[in-house]
Amino acid sequence: MRTLTATVAALALAAGAVPAAAGTQSGPPGTDGVWRMDGYGTVLVIGGGVLQEYQTTSVSCLKGDTSPQTGPGTYLTTDGTVLSLRTDRDRDHATLAADSSVGHRHLRRLPALPADCTRPAATDPRTAFDIFWQTFEDNYPFFAAKGIDWHAVRDRCRPLVHEDTTKDQLFGILGQMVRPLYDAHVTVRDGDRFFGQGRPGTKVPSPQLDAKAKEFIIARDLGDAAHRQDFGAGRITYADLPDDLGYLRISGFGGYAGEDAPYTAEQAELDRALNTVLTPARAERLKGLVIDLRINGGGADSLGIRIAQRLTGTPYTAYAKRVRNDPAHPTRFTHPEPVPVVPADAPRYTGPVAVLTGGSTVSAGETFTQALMDRPGRTVRIGQPTQGVFSDVMERRLPDDLAFGLPDEEFLTRTGRTFDGTGIPPQLIEPVFTKEEFAKNRDSAFDRAVNLLGQRH
């Protein structure tokens, strides 16, 4: 879940009050009221048929998005995500889930809306700067790992901001502040202007890079392949390779069903692809499967779990997810929540798998890679380390309409390890789409995977 996005105009709230309107629906029993999330810097006000978000820091509270209620305990965001809210244990605890995300967000009831949320926010440049800095201070988990003194960054950059600082100048200052993080999940936006960058030595996926790689693979690797098919607006490709091997290329976990399609449509298109590819006969016949994630821009983690469910006959844990939840202590997180992989009630392939990765394997492409690490059966990773960004992105807005995003979660292996910053390393190292590989018409990672899987039978 990237943010609680709105489909209706913001709802005016009186101090500490719950919204109400004649004829509007209430949530399920006990959910109307004011709630604070455990982590995520968010307060929710629920009632009168809407879910109202407030974006909070230790020093600020700004009204965020509004989502209308669509049924008992369900609310709809503009991107088609369905939010589900239920009380948990007693009337003062609840959980929130998004159909496109994995895990849950835990809520604790508040007696009233915090006072900061009832006052108009200042709109001067220094206030915007302070909210930006504090949001990272309260939520970003990786300053120590990246060797960044965030307080020194504030001391250096805050004097550059004054009452006459323009939005254009502030945009540049904020981008300068976060540039040393080299975090592809950290962004600053002003309308069509965008600041973001990946790990040094890598390329963040783009439509152009995806098209170039796909054209090369089809010409070079799939020339003798049979039954090549595209699904999901071309973001999923399957082909039968010689020697009873299969090739599955996934360039993203979303964008399958058209622009602004709801998650249910994305899931349905993925299921159509998997049902077409993993027929009972093919699932039985395949001796090995190459899964190519080398250009993968991410998307919905839950779609990756859905694919993993078609690749196992035994339940297992994909990873555990936790969020930073104490602004004063960067090392404190929520209790890790295991994310299960339960075998699908559909034809499944459980044989050897080779996963191809590289620096352009990003976000949900990485969580899917991580979900296959403990997969029962033989799985090997080939290529280069992934990008190194796993968390959902906290989307935030500033009073002057600048927007930004940052991560606040960790995805843990069964031994408690994370791969943020460094990316998931391959077990077998091969070059991935380098200039030399293109120039010499080589695809070393693909060839290594095919040769390895071929030898195994």
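The basis for the numbers below is simple: all heavy atoms, side chains too, and nothing from hydrogens, waters or symmetry mates.
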J.: For Ile429, I'd like to know if atom CD1 has over 12 heavy atoms of other residues, nucleotides or ligands within 6.0 Å.
T.: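 Atom CD1 in Ile429 is not crowded, with 12 or fewer foreign heavy atoms closer than 6.0 Å.
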
J.: Quick one: does Ser444's side chain get under 4.5 Å of Pro431's, heavy atoms only?
T.: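 Yes - at least one pair of side-chain heavy atoms lies under 4.5 Å apart.
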
J.: As a test of understanding, state which of Asp392, Asp408, Asp38, Asp88 forms a salt bridge (Lys or Arg N to Asp or Glu O under 4.0 Å) with Arg105.
T.: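 For Arg105, the salt bridge (Lys or Arg N to Asp or Glu O under 4.0 Å) test succeeds with only one of Asp392, Asp408, Asp38, Asp88, which is Asp392.
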
J.: Ignoring hydrogens, what is the shortest heavy-atom contact between Ser100 and Ala300? Give both atom names and the distance.
T.: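 Distance-wise, the nearest heavy atoms are O-CB, 3.4 Å.
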
J.: Grab the two heavy atoms, one from Asp301 and one from Thr367, that are nearest each other, plus how far apart they are.
T.: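 Scanning both residues completely, I find the closest heavy atoms to be OD1-OG1, 2.9 Å.
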
J.: Given side chains that start at C-beta, do those of Thr357 and Arg294 come closer than 4.5 Å, heavy atoms only?
T.: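 They are not in side-chain contact.
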
J.: Write down the atom of Ser58, the atom of Pro327, and the distance for their closest heavy-atom approach.
T.: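 Where Ser58 meets Pro327 most closely, the heavy atoms are OG-CB, 3.6 Å.
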
J.: Could you check whether Asp124 pairs with Arg126 (Lys NZ or Arg NE/NH1/NH2 to Asp/Glu carboxylate O, under 4.0 Å)?
T.: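 A salt bridge is absent here (no side-chain N lies under 4.0 Å from a carboxylate O).
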
J.: How are the rings of Phe419 and Phe390 set relative to one another: parallel (under 30°), tilted (30 to 60°) or perpendicular (over 60°)?
T.: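 Rings of Phe419 and Phe390: tilted, 30 to 60°.
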
J.: Return the minimal non-hydrogen interatomic distance between Ser84 and Thr74, and the atom names on each side.
T.: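 Result for this residue pair: OG-CG2, 4.1 Å.
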
J.: With a 4.5 Å limit on heavy-atom distance, are the side chains of Leu96 and His104 in contact?
T.: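 Leu96 vs His104: side chains apart.
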
J.: Are the aromatic ring centres of Phe231 and Tyr256 under 6.0 angstrom apart?
T.: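 No, the ring centres sit 6.0 Å or more apart.
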
J.: Taking the six-membered ring for Trp, are His106 and Trp35 ring centroids under 6.0 Å apart?
T.: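 Judged by ring-centre distance (under 6.0 Å), His106 and Trp35 do not meet the cut-off.
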
J.: Any heavy-atom pair between the side chains of Arg306 and Asp271 that's under 4.5 Å?
T.: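 Yes, at least one pair of side-chain atoms sits under 4.5 Å.
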
J.: So, is the end of the Arg322 side chain (NZ or CZ) under 6.0 Å from the ring centre of Phe333 and within 45° of the ring's axis?
T.: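 Output yes; distance and angle both within limits.
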
J.: Less than 6.0 angstrom from the centroid, inside 45 degrees of the normal: does Arg193 satisfy that with respect to the ring of Phe171?
T.: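 Judged by the rule, Arg193 and Phe171 form a cation-pi pair.
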
J.: Is Glu137 paired with Arg324 through a side-chain N to carboxylate O contact shorter than 4.0 Å?
T.: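 Judged by the 4.0 Å cut-off on N to carboxylate O distance, Arg324 and Glu137 do not form a salt bridge.
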
J.: Hey, can you tell me if Phe136 and Phe404 have their rings parallel, tilted or perpendicular (30° and 60° cut-offs)?
T.: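 The rings of Phe136 and Phe404 lie parallel, inter-plane angle below 30°.
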
J.: For Arg91, is there an ion pair with Asp32 - N to carboxylate O distance below 4.0 angstrom?
T.: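 Salt bridge absent between Asp32 and Arg91.
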
J.: Using the salt bridge (Lys or Arg N to Asp or Glu O under 4.0 Å) definition, which of the options Arg235, Lys203, Arg249 pairs with Asp210?
T.: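 One option only clears the test, and that one is Arg249.
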
J.: Can you see whether Phe438 has Lys212 sitting over its ring - NZ or CZ less than 6.0 Å from the centre and within 45° of the normal?
T.: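 Yes, a cation-pi geometry.
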
